[in-house]
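To keep things clear, I will list the structure first and then write my remarks on it.
Lettering of chains follows the sequences in order, A, B, ..., and the numbering in each one begins at 1. Computed from a prediction, not measured in an experiment: that's the story for all the values here.
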2 protein chains.
Amino acid sequence: MRHFAARPIAPADLRALLEAAALAPSVGNAQPWRFVRLRTPALREALAAHVDAENARAAANYAEQGRRDAYRALKLHGLREAPEVLAIFCDERPAAGHGLGIATMPEMLRYSCVTAIHTLWLAARARGIGLGWVSILDPGAVTTLLDVPLDWTLIALLCLGYPEAPSEIPELERRGWQARELLADRLFER
Amino acid sequence: MRHFAARPIAPADLRALLEAAALAPSVGNAQPWRFVRLRTPALREALAAHVDAENARAAANYAEQGRRDAYRALKLHGLREAPEVLAIFCDERPAAGHGLGIATMPEMLRYSCVTAIHTLWLAARARGIGLGWVSILDPGAVTTLLDVPLDWTLIALLCLGYPEAPSEIPELERRGWQARELLADRLFER
């Protein structure tokens with residue numbers, strides 16, 4: 001994730017991203033995504049403090065010092081400074097869709113939310129807006145903090161804004177955390 | 001899902017779709033996607049028979065006759081006639097990524113595979129290729145049928161081909177199974 005510039009996201013642009021996301025394909029057309037826009041500064045700070053704590057714990061789990069230092073040097077969330085923060089939840093019991101395609105794979109509802117998030121992500125990048133997906137958190141704790149229905153599962157916490165220094169190369173590649181692998185090594189036949 | 005035309009997908013086009021998919025963002029850049037291209041007719045038939053059986057079971061679960069008939073009228077897989085069938089798995093213990101971002105949300109690996117699938121899907125649509133994501137199946141049974149490592153989770157079984165009758169309106173909407181909902185009903189603030 002890049003550091004964010006101070007420039008805000010115009011309401012019409014944010015709206016366009018959400019409208020694009022809501023056009024994503026979903027299992028049974030169940031549209032199980034629920035978008036929560038963070039507007040309360042105290043809630044943002046509570047989320048940031050939670051992620052900071054989980055982050056410290058995750059760093060401590062790297063036994064090898066070089067890797068631990070590399071981890072600590074990464075920018076892993078922008079919850080305090082991002083112009084926009086969105087939490088994306090999956091409604092595990094949506095009224096829409098009539099249960100199509102989820103009898104044996106209920107996880108399809110969560111996967112459908114990911115297609116919406118990725119649609120939003122691509123729409124953001126097309127507008128020069130950067131997005132960081134924060135997953136160093138306890139989903140249940142975030143659900144409680146945001147006081148959403150108990151049937152909702154947290155899929156993603158997203159920080160959005162214009163990057164200070166745009167780059168075509170993802171940060172984890174640029175900083176040597178993890179290089180791209182070859183497709184040939186990931187492709188099989190049966 | 002539409003019915004497929006007989007036209008095959010050119011190898012260079014299939015390759016381009018897979019190359020695009022492999023550029024998707026992933027947690028820790030772990031790239032946990034594993035693509036399996038189905039080439040064995042007997043395996044395709046075994047998959048189709050499995051999905052037919054799960055499909056019959058799912059149809060029987062609709063107590064209301066109108067809904068049951070509507071379900072039965074849907075085209076829910078093209079495993080026998082699709083020019084290409086891909087199974088996408090998630091490696092739950094990838095060597096890449098060094099565990100970043102999955103300590104508290106291991107499901108991020110599976111979500112990363114969904115971003116790859118959706119990237120492939122959009123790349124396919126941009127070329128006029130249709131894609132059907134089949135989820136009326138037992139993921140464990142498919143994993144066994146395809147004889148992949150036990151650490152792999154089935155995320156999707158995909159049928160790809162050129163649609164006989166292209167349409168901008170998804171089949172489930174066109175056939176009245178489930179209409180689009182309003183974004184306003186899915187957007188919340190905190």
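- Side chain of E54(A) to backbone of A103(B): no donor-acceptor contact under 3.5 angstrom is found.
- Only the side chain of L74(A) comes within less than 4.5 Å of a heavy atom of chain B; its backbone N, CA, C and O stay farther away.
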Next on the checklist: Please evaluate residues N29(A) and W177(B) with respect to the criterion side chain to side chain contact (heavy atoms under 4.5 Å, CB included), reporting the C-alpha separation (whole Å), side-chain torsions for both, the decisive distance (0.1 Å), and the verdict.
Outcome noted: CA-CA 8 Å; N29(A) 204 18; W177(B) 179 268; 5.7 Å; no

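- Both the backbone and the side chain of R180(B) have a heavy atom closer than 4.5 Å to some heavy atom of chain A.
- Proximity of a side-chain donor or acceptor of T40(A) to a complementary backbone N or O of R190(B) within less than 3.5 Å is detected.
- Between T104(B) and L137(A), the closest heavy-atom pair is OG1-O, 2.6 Å.
- Distance alone, capped at 3.5 Å, places no donor-acceptor pair between the E189(B) side chain and the V36(A) backbone.
- Within the 4.5 angstrom heavy-atom criterion, atoms from both the backbone and the side chain of I136(B) approach chain A.
- For L18(B), the parts lying near chain A are the backbone and the side chain together; criterion is any non-hydrogen pair under 4.5 Å.
- No side-chain donor-acceptor contact under 3.5 Å links S135(B) to the backbone of M105(A).
- The contact between V27(B) and chain A is made entirely by side chain atoms (from C-beta outward), counting heavy-atom distances below 4.5 Å.
- Of the listed residues A87(B), S112(B), A22(B), G97(B), the one with more heavy-atom pairs under 4.5 angstrom with chain A than any other is G97(B).
- Side chain of Y111(A) to main chain of A156(B): no donor-acceptor pair is present (N/O by atom type, distance under 3.5 Å, no hydrogens or angles).
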Next on the checklist: If you apply the rule side chain to side chain contact (heavy atoms under 4.5 Å, CB included), what do you find for R15(B) with L187(A), and how did you get there?
Outcome noted: CA-CA 10 Å; R15(B) 178 91 197 168; L187(A) 188 53; 4.1 Å; yes

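- For the set P25(A), A30(A), C113(A), the count of heavy-atom pairs under 4.5 angstrom toward chain B peaks at P25(A).
- No more than 12 heavy atoms of other residues, nucleotides or ligands lie within 6.0 Å of CZ in R93(A), so this atom counts as exposed by the packing criterion.
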Checklist entry - Stepwise, does the side chain to side chain contact (heavy atoms under 4.5 Å, CB included) test hold for F188(B) with L146(A)? => result CA-CA 11 Å; F188(B) 305 85; L146(A) 298 188; over 6 Å; no

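- Contact annotation: the side chain of V114(B) never approaches that of I117(A) to less than 4.5 Å [non-hydrogen atoms, C-beta and beyond].
- At a 4.5 Å heavy-atom cutoff, the contact between I155(B) and chain A is made by backbone and side-chain atoms alike.
- For L122(B), the part sitting under 4.5 Å from any heavy atom of chain A is the side chain, from C-beta outward, and nothing else.
- With contacts defined as side-chain heavy-atom distances shorter than 4.5 Å, the pair E107(A)/P139(B) qualifies.
- A donor-acceptor pair is defined here as one N or O able to donate and one able to accept, closer than 3.5 Å; no such pair exists between the side chain of Q178(A) and the backbone of H98(B).
- Formation of a donor-acceptor pair under 3.5 Å by the T115(A) side chain with backbone atoms of H118(B) is not found in this model.
- Each of R44(A), E19(A), R67(A) has some count of heavy-atom pairs under 4.5 Å with chain B, and the biggest count is that of R67(A).
- Of the atoms belonging to L43(A), it is side-chain heavy atoms, and not backbone ones, that fall under 4.5 Å from chain B.
- Residue A21(B): no heavy atom, backbone or side chain, is found under 4.5 Å from chain A.
- Interface residue Y62(B): only side-chain heavy atoms are found under 4.5 Å from chain A.
- Using a distance-only test at 3.5 Å, with no hydrogens or angles considered, no donor-acceptor pair links the side chain of E181(A) to the main chain of P32(B).
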